[in-house]
Amino acid sequence: MWRHRPSKKPPPHAITAALLPLPRDAKVLQQKMCFANERKTSGMEVNHVNTHQKFTAAPQDSVIARRPDMGGVEGVEIALSANHFLVRFDPGQKIFHYSVDISPRPSKETARMIKKKLVEENSSVLSGAQPAFDGRKNLYSPVRFQNDRVEIFVSLPVASARCSVVKEDTGHMLDKQKLKTFKVNVRLVSKLSGEDLIKYLNEDKGGITFPQDYLHVLDVILREGAMESSILVGRSLYARSMGEAREIGGGAVGLRGFFQSLRPTKQGLALNVDLSLSAFHESTGIISYLQKRCDFLKDLPQKKTRALAEEERREVEKALKNIRVFVCHRETNQRYHVHSLTKETTENLKFRDRSGKDLMVVDYFKEHYNHDIQFRNLPCLQIGRSKLCYVPMELCVVCEGQKFLGKLSDEQTSKILKMGCVRPSERKGIIKGVVEGAFHARSNAYADQFNLQVSKDMTKLSGRVLLPPKLKLGSGGRIKDITPDRFDRQWSLLDSHVAEGSKINSWALISFGGTPEQHFSIPKFLNQLSNRCEQLGILLNKMTIISPLFERIQLLNNVGILEGKLKKIQEAASGNLQLLICVMERRHQGYADLKRIAETSIGVVTQCCLYSNLSKLTSQFLTNLALKINAKLGGCNIALYSSLPCQIPRIFSEEEPVMFMGADVTHPHPLDDSSPSVVAVVASMNWPSANKYISRMRSQTHRKEIIEHLDVMAGELLEEFLKEVGKLPSRIIFFRDGVSETQFYKVLKEEMHAVRTTCSRYPGYKPLITFIVVQKRHHTRLFHRERNGSSSHYTDQNIPPGTVVDTVITHPREFDFYLCSHWGTKGTSRPTHYHVLWDENNFRSDEVQQLIHNLCYTFARCTRPVSLVPPAYYAHLAAYRGRLYLERSDTAMYRVTQLQTVPLPKLRDNVKRLMFYC
């Protein structure tokens, strides 16, 4: 029943034939486009002017680049399945949209309880419908209600006993009724149908606006059934049926859930379903929670008389703020949000009752509940904003199902990643089980009444595996070529040199922490590192400029003394220190200060490593260290044997240089409401090798995704390119990371304009620009598929490196594709989604896919292809480095300038032209 057409000719939307006209023949139009794209761009400036005029004047939906052909053909075909499930819908089915206003304003949980009771008690008013609710203000029904406006009163049970929260000024107990009544106003807003969506999916011509609102409604409907027993976080649902919570430390637990979202694809409307993971607050007593969350309170249960210092109190308040709790000394359904902590300790805290008499909190709980407060020197929780309400900590429990919004530690991140690290066959089974349970094992009443049917089968499709490129290494002064033909596409540097070795004459080593025995291993480490560099063709001076320095690890806590130490080392090198190797006893937060001081104050490249790695000194560790050092100091580890002009002669030439750019924006963690975002832009500085990138980093407005001052950063990079290559680039290939699909048009419009503005400063300079968005945070997964029902030993393996998919599950018309360029050693591989938003270079599908795939083999830090095209990867690393520059100084700076954008410290000139960030 759920048939798929051949991948080279995508099918119309899967719907009853009588409801839909057949789509227009796309082949003629595609051939015309291919013919137009193959015309030579000899009049480059003229072509650009015309294209740019289209860019500034075109409407939103026609500005995004369209697929130039029927998809690529290069590579070996591979049978795959994807976690997309075809959805059938009736475009003639009306959906009635009602706004819902509930007074007094309830929590999300209460709002769902109100909706449920409203439907149960008012079936006739709602015309017998089972409407879907988005949990906020919108209700969607398959039939029209009896009246377009209706006012309904809904009563819910609340706490059956009187609340034991102490309330100041109005008495010592809050009297609550057993029932609470809510007024619900329901009003018809609009009528929706799927006619625009069906046109969007099937029409070949552009100009049709994507009906995002209608797709959102369908998402709400398909999610409604699971919402009754799940916790919604973004587009993911978490339920006990997916497995019990696992502790990950720090007062947090990891939960498995599933992600689901509708996507328009070539095969029609598809539901993308995937395994997801998230961290939640552990549901435990507040005392136990703080013991796990705050290191300085680990001994709290044993030291009940312990008090909090002012700094500790601030940390505890930060950890508990906005967490929902309930009291445990009596039965109640009441839930509270923690607003703050009291200034006074519980022992000294008092309140005034209705008669004006002052009562002590500890006395009140002893008198009314026969409870002796144990932790008297801790503050109480304050759970009211306008009305001061106090609860002793030991009587509170963290409510279940609250997403952990704080920044996870390295250990927590590692544990939660392990929870999601499942092999392809297991992940595939989990996904199929979710779909069966949600839409097939039992009838989904919500989907059924809206005439929605979800296929139980994953989408079957054919992909292609691109061949690896031939790579260029060195060997005793001679050029050596190698083709990575292993299954994981890894290559060996045994008996080989790097493509271009750097010369490091002036360098030093400093140790932070470590035992005397570990210190004795340093000479051996220096000797073996020097030998390994020599074997790789990297000239590392056998002698450091000064003897290794051994400092306590506590030095990293003192910024002033640390900076002084590094300055003395630089002075010993007469200001010419090229490299400082830093060996650490363990990971330390002072790493951020070390990098900032070295790169912005001293002007030296650093390479950090741990003593735990020095105890083994494996060849692989020494090689990796040498490769990073070489890349940071201006060398080149790997290059393509056949240059890009040789690989894609229709687009590239030796005489017309090309600059590859990458850009990324990193934002502070969710609980940080003031720190600036950090943007990084990188650009290649050599042609035709295109494997050396320099960066520009800036801070910008808090959580702003569009890059501010891109014109300034791009201008600086163009100037550097002009110095290095001798001319401006004729073409710019711009890779933009971290952009969601809802932001495509805005990012394209504003950031393309910024790059154009920069180029216009050079008279007559109009390079051809291709703008590509790179997405890693998506939920499409590709799996091996057995042919004709036969079993295969590949089914529990990841898809091979070089797998590309540009049919069936991709956009109906736009120029996008999935490329898995790496080998997944753990878990299930995630392909990278590339979406070409603008293309003045007129790439064919095969050309841009081969270009990106081959570039993934040129990443400087390893001897295997990476999962992300290097310009985007380097931009991500540079943005992370910029975030480090702000990380330790936030306490001193942001409390003074809360919502101002604090600028990043400037890099020293001798560092800013190097790949120091990799």
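With respect to the salt-bridge test (charged N to carboxylate O, under 4.0 angstrom), the residues D673 and R703 do not qualify. For the pair E244 and R240, the salt-bridge criterion is met [side-chain N within less than 4.0 Å of a carboxylate O]. Using a cutoff of 4.0 Å between basic side-chain nitrogens and carboxylate oxygens, E887 and K407 are scored as salt-bridged. Ionic pairing of R314 and E317 is not present here: no N-O contact between side-chain nitrogen and carboxylate oxygen is shorter than 4.0 angstrom. The existence of a salt bridge linking E282 and K292 is confirmed by a sub-4.0 Å separation between a basic side-chain nitrogen and an acidic carboxylate oxygen. Looking at E224 and R112, a side-chain N of the basic residue comes within less than 4.0 Å of a carboxylate O on the acidic one, giving a salt bridge.
To the nearest 0.5 angstrom, H667 atom NE2 is 4.0 Å from E705 atom CD. Separation of atoms CZ (F258) and OG (S241) is listed at 7.5 Å; rounding is to 0.5 Å. If you take OG1 on T828 and CD1 on I430, they are separated by 8.5 Å, rounding to the nearest 0.5 Å.
The aromatic rings of H281 and F404 sit tilted, their planes meeting at an angle between 30° and 60°. Ring geometry, F487 versus W823: the interplanar angle exceeds 60°, so the pair is classed perpendicular (tilted spans 30 to 60°). Ring geometry, H519 versus Y611: the interplanar angle falls from 30° to 60°, so the pair is classed tilted.
A donor-acceptor contact closer than 3.5 angstrom links the side chains of E599 and Y885. Between the side chains of S740 and Q743, at least one donor N or O sits under 3.5 Å from an acceptor N or O.
Panel note: side chain S230, backbone A226; a donor-acceptor pair is recorded below 3.5 Å.
Within 6.0 Å of the NZ atom in K403, the count of heavy atoms belonging to other residues, nucleotides or ligands exceeds 12.
By the 4.5 Å heavy-atom criterion applied to side chains, L297 and L308 are counted as neighbours. Between R313 and L341, some side-chain heavy-atom pair lies under the 4.5 Å cut-off.
Of the candidates H84, Q775, H833, T780 forms a side-chain contact (heavy atoms from CB on, under 4.5 Å) with just one, namely H84.
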- [ ] Give the C-alpha distance, both sets of side-chain angles, the deciding distance and a yes or no for side-chain hydrogen bond (donor to acceptor under 3.5 Å, both in side chains) between S675 and D672.
- [x] CA-CA 6 Å; S675 301; D672 188 331; 2.4 Å; yes
